[in-house]
Structures are given as C-alpha cells and as structure tokens.
Amino acid sequence: MPELPEVETIVRSLKPRLLQKKIGGLDILLPKIIHTENIKPNYLIGQTIINISRLGKNIVMELSEKCCLRIHLKMTGQLLLNLHGDTILKHTHVIFYLDKGRLELRYRDIRQFGYIQILTLNEWDFQRKNNSLGPDALEISFPAFLAKLRTQKRKLKSLLLDQSFLSGLGNIYVDEILHQAHIHPENSPQNLSTRQIRRLHEKMGNILQAAIQLKGSSVRNYIDASGEQGRYQTEHQVYGRAGLPCRQCGTHLKKIRVSGRGTCFCPYCQRLPIKG
DNA sequence: AAAGATGTTGCAAC
DNA sequence: GGTTGCAACATCTT
C-alpha cells in the first residue's frame, strides 16, 4: 500500500511525537519481521530517537548510539502510535515501549511482507550507496530526471516502478502520473520528446505533493500513525477505475498487465506512438 | 467455493 | 542487460 505520499504522511505524523523519546523496551511477537546484521534488538533499549526521515518508501529512525531502524511497510505494513492500554490489534508484530511505557509504537502488518531492519549508520550508508536506492521521486531535479530517462529503453511503467532507478513511486501513483502526463504505460522514454519528459516530471511532483496534502490514498488498509485515513483516493483519475469513463475525455478506461502489475490507463489520452 | 486479485520487492529462470 | 513468474502472506472479490 504505502507509496511515497503515504510514507511521508506517516513520517510527518510520527516525528513530532517521537523525537527525543527513549526506547524503554520492545516486544517482538513475530521475529521474522526484525532483520539484524550486527546489532541485536536489545542494543536498542535505552536509546533515544533523534531523527525520523524518509527515502523513497523507506522510513529511517535514527537513534542516539550511531544506529538506526530502517522500516519498509511493503504492502500492508502499518506503524501505529498508541497509548499503553489501547487494544492490541490482530497482526501486531512488534511493540516499542516509549516515554516510560506510556507510549507505544506498534508495527502491524497483515501480510507480513514488511520488515524492520536494525543497522549501524555505516551499514545504512553502505546500503544506500550500493543497494541501489535511486533518487527520491520528490527530490530529483528535471535535468537529472531527463538525463536518467535518456539512458533507458524500458517501458515507462517498469522504469518508474523500479526503486533502484527512482524511489518512492508504486502502482497507484505511477498510473496516476502517466495518465496526467498523457503517456502510455508501455511507451519507452526513447519515444518521448524533452517536452513530454518535462510534463512527466511536473506531473510527478504535482501529484505527489497533492497526495501528501490529502494525507495519502487509503485503499484497503492504509492508515497513518494516528489511525487516520488519507483522502487522495477520491482524486484518482485511473487507479481502480477500469471500465469507468475517463474524467478528461469520457473514453472507457482500460486495464492491462504491465511488468506484472495491473495497470489502468485511458486508451485515448495515453496513446502509443504509431509504429513504422 | 475455488480461483484470482491486492499497495512490494527479491530471486530464479530464460 | 532485459523480462517473466513466483515467493513471501492474509483477506476480499468474482
């Protein structure tokens, strides 16, 4: 579920309430959720949360002793901020006890694909460089975006979903961005003019910012750390609207499979160039 | 009621 | 390199 706008919303809601809080302890109810390299979970006890940030869809909580938690929510992960005594929902897998036990940060994940990685700051730096985390979709400048796209032949949808190429976009926002940019998901950057790529970059920024303003898209399970739903789903032009008329031109929206993912688009607004 | 789809991504196979 | 299919898992829809 959570793509860049949802993860950004979660980070913004966590930050003011978690900075400078000390981890008093933690319960690991499902061990496979915790990924450790050299640091054991017990090392976290007594540490203070000194920063929370986002890179692509990753949440990074920096701790006082030169280490951090890198959290990936994958499809159905949730970070919830609760008071001690609040009902512990089914699928809660990790609980961090903060603020002398009054506050609890809970990791919940229906499908159990997500994880919490415990890393030294050095390990995180190494991952970020080598693990091929592409530039953040909200940070990349137009010239850098243009230059990167110019080196690629792949289908736009597959490129934009590739986190090592660009990080932060997922299935919902790629479909929305390509629709507003009037680009067919299977088109290749080779067929795009600089002007079209400029439009793509603009729409990407506009859509992501608008989605953050509305606190993300809630389809199925997404809620932020306070349990609130987002409202951007009401703005969706194509995602989840297959068979319905395009809001721009009235053509029935189509659904196809591109790079293994369900893809909604408007066959009129997003035409492929005529071959030959 | 079984089969297919779901916001992600890493891996094996080709 | 590239793509495809599958795997992890629970839940909801056809």
Side-chain angles (χ1 to χ4, degrees), chain A residues 1-11 29-35 37 54-59 70-79 89-94 107-117 127-128 130-134 136-137 148-179 185-190 207-208 211-212 214-224 229-243 254-264:
Chain A
M1 153 228 357
E3 304 179 28
L4 188 153
E6 292 75 33
V7 175
E8 178 66 23
T9 300
I10 292 167
V11 167
L29 309 173
L30 186 64
K32 73 168 183 180
I33 297 295
I34 303 282
H35 293 204
E37 310 229 331
R54 177 191 64 74
L55 182 57
K57 303 174 193 172
N58 298 272
I59 296 167
R70 172 193 178 214
I71 302 166
H72 201 301
L73 303 171
K74 289 285 184 85
M75 294 280 268
T76 53
Q78 300 173 341
L79 276 176
L89 298 174
K90 189 177 173 185
H91 306 300
T92 297
H93 305 312
V94 182
Y107 181 78
R108 177 168 186 258
D109 191 345
I110 294 172
R111 293 176 72 181
Q112 308 175 14
F113 293 169
Y115 53 82
I116 298 174
Q117 210 168 27
Q127 274 197 9
R128 188 197 274 237
N130 294 319
N131 249 22
S132 50
L133 261 177
D136 190 88
K148 269 179 86 67
L149 275 185
R150 285 283 176 239
T151 68
Q152 296 287 327
K153 298 180 180 176
R154 279 189 279 166
K155 295 171 180 173
L156 259 296
K157 169 123 185 183
S158 138
L159 261 180
L160 297 177
L161 282 175
D162 181 348
Q163 304 297 296
S164 65
F165 181 77
L166 184 70
S167 58
L169 302 184
N171 210 29
I172 295 177
Y173 293 100
V174 167
D175 280 8
E176 293 299 317
I177 291 164
L178 288 174
H179 176 255
E186 294 181 296
N187 204 349
S188 153
Q190 289 183 314
I207 289 173
L208 293 174
I212 291 168
L214 294 186
K215 301 193 169 197
S217 302
S218 285
V219 310
R220 283 178 280 280
N221 305 300
Y222 170 73
I223 48 177
D224 75 7
Q229 297 203 329
R231 299 190 309 281
Y232 192 74
Q233 64 279 6
T234 63
E235 308 296 310
H236 290 175
Q237 303 291 304
V238 285
Y239 182 83
R241 300 192 70 247
K254 279 181 80 175
K255 183 161 185 181
I256 58 174
R257 197 151 280 270
V258 181
S259 68
R261 311 296 301 277
T263 300
C264 298

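Every chain is numbered from 1 and lettered A, B, ... according to where its sequence line falls, protein lines coming before strand lines. Side chains included, hydrogens not; waters and symmetry mates left out as well; all remaining heavy atoms used.
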(request) Output the single nucleotide from C:dA8, C:dA10, B:dT6 whose closest atom is nearest the side chain of A:Lys32. (result) C:dA8
(request) Name the nucleic acid region contacted by A:Gly260, choosing base, sugar-phosphate or nothing; use a 4.0 angstrom heavy-atom cut-off, strictly under. (result) nothing
(request) For the side chain of A:Gln163, starting at C-beta, report the closest nucleotide among B:dT8, B:dT6, B:dT9. (result) B:dT9
(message) Quick check for you: among C:dC9, C:dT3, B:dT9, whose closest atom lies nearest to any side-chain atom of A:Phe113?
(response) C:dC9
(request) Using whole Å, report how far NZ of A:Lys57 lies from P of B:dG10. (result) 10 Å
(request) For the side chain of A:His72, starting at C-beta, report the closest nucleotide among B:dT9, C:dT3, C:dC9. (result) B:dT9
(request) Kindly assign one of parallel, tilted or perpendicular to the pair A:His236 and A:Tyr173, based on the angle between their ring planes and the thresholds 30° and 60°. (result) perpendicular
(message) Can you tell me which nucleotide in B:dT8, B:dA5, C:dT11 comes closest to the side chain of A:Lys90?
(response) C:dT11
(message) Of the options C:dT11, B:dA5, B:dT9, whose atoms approach the side-chain atoms of A:Arg257 most closely?
(response) B:dA5
(message) Between C:dG1 and B:dT8, how many Å separate the two C1' atoms, rounded to a whole number?
(response) 23 Å
(request) Find the distance A:Tyr107:OH to C:dC9:P and express it as a whole number of Å. (result) 14 Å
(request) Name the closest nucleotide to the A:Lys255 side chain, picking from B:dT6, C:dA8, B:dT9. (result) B:dT6
(message) Does A:Lys153 reach a base, just sugar-phosphate, or nothing at all? Heavy atoms under 4.0 Å.
(response) nothing
(message) Can you identify which nucleotide, out of C:dA10, C:dT3, B:dT6, has its nearest atom closest to the A:Gln112 side chain?
(response) C:dA10
(message) When the P atoms of B:dA1 and C:dC9 are compared, how many Å lie between them, rounded to an integer?
(response) 25 Å
(request) Would you classify A:Arg261 as touching base, sugar-phosphate or nothing, given that sugar-phosphate means primed atoms plus P, OP1 and OP2, and contacts are heavy atoms under 4.0 Å? (result) base
(request) Report the distance from atom CG of A:Leu133 to atom P of B:dT8, rounded to the nearest whole Å. (result) 15 Å
(request) For C:dG5 versus B:dG4, give the span between their P atoms, rounded off to a whole number of Å. (result) 14 Å
(request) Output the single nucleotide from B:dT6, C:dT11, B:dT9 whose closest atom is nearest the side chain of A:Arg111. (result) B:dT6
(request) Provide the distance between the two P atoms, one in B:dA5 and one in C:dT4, to the nearest whole Å. (result) 16 Å
(request) Take the protein atom CG of A:Leu161 and the nucleotide atom P of C:dT4, then report the distance between them rounded to whole Å. (result) 13 Å
(request) Please determine if A:Arg54 and A:Asp136 form a salt bridge, counting it only when a charged side-chain N lies under 4.0 Å from a carboxylate O. (result) yes
(request) Could you let me know what C:dC9 is paired to, Watson-Crick or G-U wobble, both distances under 3.5 Å, or none if it's on its own? (result) none
(request) Just compare B:dT6, C:dT11, B:dT8 and give me whichever is closest to any side-chain atom of A:Tyr239. (result) B:dT6
